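Only one structure is covered here, and it is reproduced in the block below.
The structure presented is a predicted model; accordingly, all values stated were derived computationally and were not measured. Throughout, residue positions are numbered sequentially from 1 according to the sequence presented.
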Amino acid sequence: SGIDPARREAFLRDVAGSGALFDFQAEYARADGTKAPCLVTGRIVEAQGRTAIISVLRDISEEKAVERKMRESERLYKETFNQSPAVKLIIDPESLRIVDANEAASAFYGYSVDRLKSMGLLDINTAPESAIRRNFALAEAGSESRFVYRHRLASGEIRDVEAYAGLIDRGGRKVLHSIIHDVSARKRTEAELTQVRAAVEQAGEAVVVTDPEGRLNPGKVLYDGHH
C-alpha cells in the first residue's frame, strides 16, 4: 500500500522543498487493492548519514462521505429554498444581517438576491432593533414563531407582514429561517370593516349585507339597531 502514483511525485517534491508537509490530500491503495482518500504528513529526517522521508497516512473516507452528504443536503436545501413561491429570508440572529434570500423575496422587496444578501434586516424592517432582537430570542427558544412587522420595499412602500421564524442549522451555523407573508390587503380590509362598524353604530340604523340578488345573508348583519 502507499500513495497513489499520480500524487506521489507532487508529495515528494513538496516535502523536499519545505522539509515538512502536513495534510497533503491524496489517495492510497488499501491492502485489498481499493483506493481511499487520505491525508499525508511527511517530514525529511537525517539518520545514519542518510536522508529519508517519514510519512504518516490517515484514512479520511468517513470524513469525505460526510462532506458528500452535507453537500447533497445543501444542494437539495438550496433548490427547495430558491424555488419556493413563499418569500424566505435567512438571517444571522447576532448581526441581523440577511445571509440568504430566495427569488420570491427578490420579487417582493424589489431588490436583487445579491443586494438583499448585502443588507441588514433593519434596512427593511421598520420595527426597533430591540423589538426584533426580543422576538428573535423567542424564536430561538421555540416559545414563539409568528411575528407581525411592517417591511419597507425598495420603492419605499410599507407593507404589513407576518413573519414565521425558526432556528435552523445551516452548515454548522445557527441561523433564523423566516417565511414572510404579505398581509397588507387583509389589514386594509380589517381597518375598513372597523370603520364601517363604528359609523353604523353611531348612526343607530340597521345595516345588513345581501348577495347580488338581494337575498339577506343572516351572517352579515353588521348592526341591528338594538345593541
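- Under the salt bridge (charged side-chain N to carboxylate O under 4.0 Å, His left out) criterion, Arg97 pairs with no residue at all, not counting sequence neighbours.
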Give the C-alpha distance, both sets of side-chain angles, the deciding distance and a yes or no for side chain to side chain contact (heavy atoms under 4.5 Å, CB included) between Glu63 and Arg58.
-> CA-CA 11 Å; Glu63 290 95 326; Arg58 181 168 70 86; 2.8 Å; yes
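- Not a single donor-acceptor pair under 3.5 Å links the side chain of Asn135 to the backbone N or O of Ile132.
- Listed for the Thr126 side chain is a donor-acceptor partner under 3.5 Å among the backbone atoms of Arg150.
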Extract all donor-acceptor atom pairs below 3.5 Å that involve side chains of residues 108-116 and protein atoms in other chains or at least two apart in sequence.
| residue | atom | partner | partner atom | Å |
| --- | --- | --- | --- | --- |
| Tyr109 | OH | His151 | ND1 | 2.7 |
| Ser112 | OG | Arg115 | N | 3.0 |
| Arg115 | NH1 | Ser118 | OG | 3.1 |

After noting the C-alpha distance and the side-chain angles of Ile124 and Ile98, does the key distance pass the side chain to side chain contact (heavy atoms under 4.5 Å, CB included) rule?
-> CA-CA 10 Å; Ile124 60 175; Ile98 298 174; 4.2 Å; yes
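- No side-chain donor-acceptor contact under 3.5 Å links Ser84 to the backbone of Thr80.
- With rounding to the nearest 0.5 Å, the separation of CZ in Phe24 from CG in Leu39 is 10.5 Å.
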Stepwise side chain to side chain contact (heavy atoms under 4.5 Å, CB included) test for Val87 and Asp182 | CA-CA 9 Å; Val87 175; Asp182 184 0; over 6 Å; no
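- Closest heavy-atom contact between Ala86 and Ile179: CB-CG2, 4.1 Å.
- Atom CD of Glu79 is surrounded by more than 12 heavy atoms from other residues, nucleotides or ligands within 6.0 Å.
- Follow the hydrophobic side-chain contacts under 4.5 Å out from Ile180 and you reach Met119 in the same cluster.
- Looking at Asn102, its side chain does come within 3.5 Å of a backbone N or O of Phe81 through a donor-acceptor pair.
- Taking every heavy atom of both residues into account, Leu122 and Ala127 meet most closely at CD2-O, 4.2 Å.
- Between Ser178 and Ile91, the closest heavy-atom pair is CB-CD1, 4.2 Å.
- Among the candidates Arg173, Lys78, Lys88, the single residue satisfying the salt bridge (charged side-chain N to carboxylate O under 4.0 Å, His left out) test with Asp100 is Lys78.
- Smallest separation of non-hydrogen atoms from Arg30 and Ser61: NH2-OG, 3.0 Å.
- Of the inter-residue distances, the one linking Asp59 atom CG with Lys64 atom NZ reads 11.5 Å to the nearest 0.5 angstrom.
- Here CG of Leu89 is found 8.5 Å from NE2 of His177. Values are rounded to the nearest 0.5 Å.
- Using a 4.5 Å heavy-atom threshold, the side chains of Val148 and Val183 count as separate.
- Atom OH in Tyr149 sits 13.5 Å away from atom CG in Asp160 (nearest 0.5 Å).
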Assess whether side chain to side chain contact (heavy atoms under 4.5 Å, CB included) is satisfied between Asn125 and Leu96, documenting all intermediate values.
-> CA-CA 11 Å; Asn125 196 325; Leu96 299 185; over 6 Å; no
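- A distance-only check finds no donor-acceptor pair linking the side chain of Arg152 to the backbone of Arg159 [under 3.5 Å].
- Summarising the local packing, CD of Glu157 is surrounded by more than 12 heavy atoms from other residues, nucleotides or ligands at distances under 6.0 Å.
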Using atom types as modelled, flag every donor-acceptor pair under 3.5 Å from a side chain in residues 136-146 to any protein atom, sequence neighbours excluded.
| residue | atom | partner | partner atom | Å |
| --- | --- | --- | --- | --- |
| Ser143 | OG | Leu138 | O | 3.3 |
| Arg146 | NH2 | Glu162 | OE2 | 2.7 |

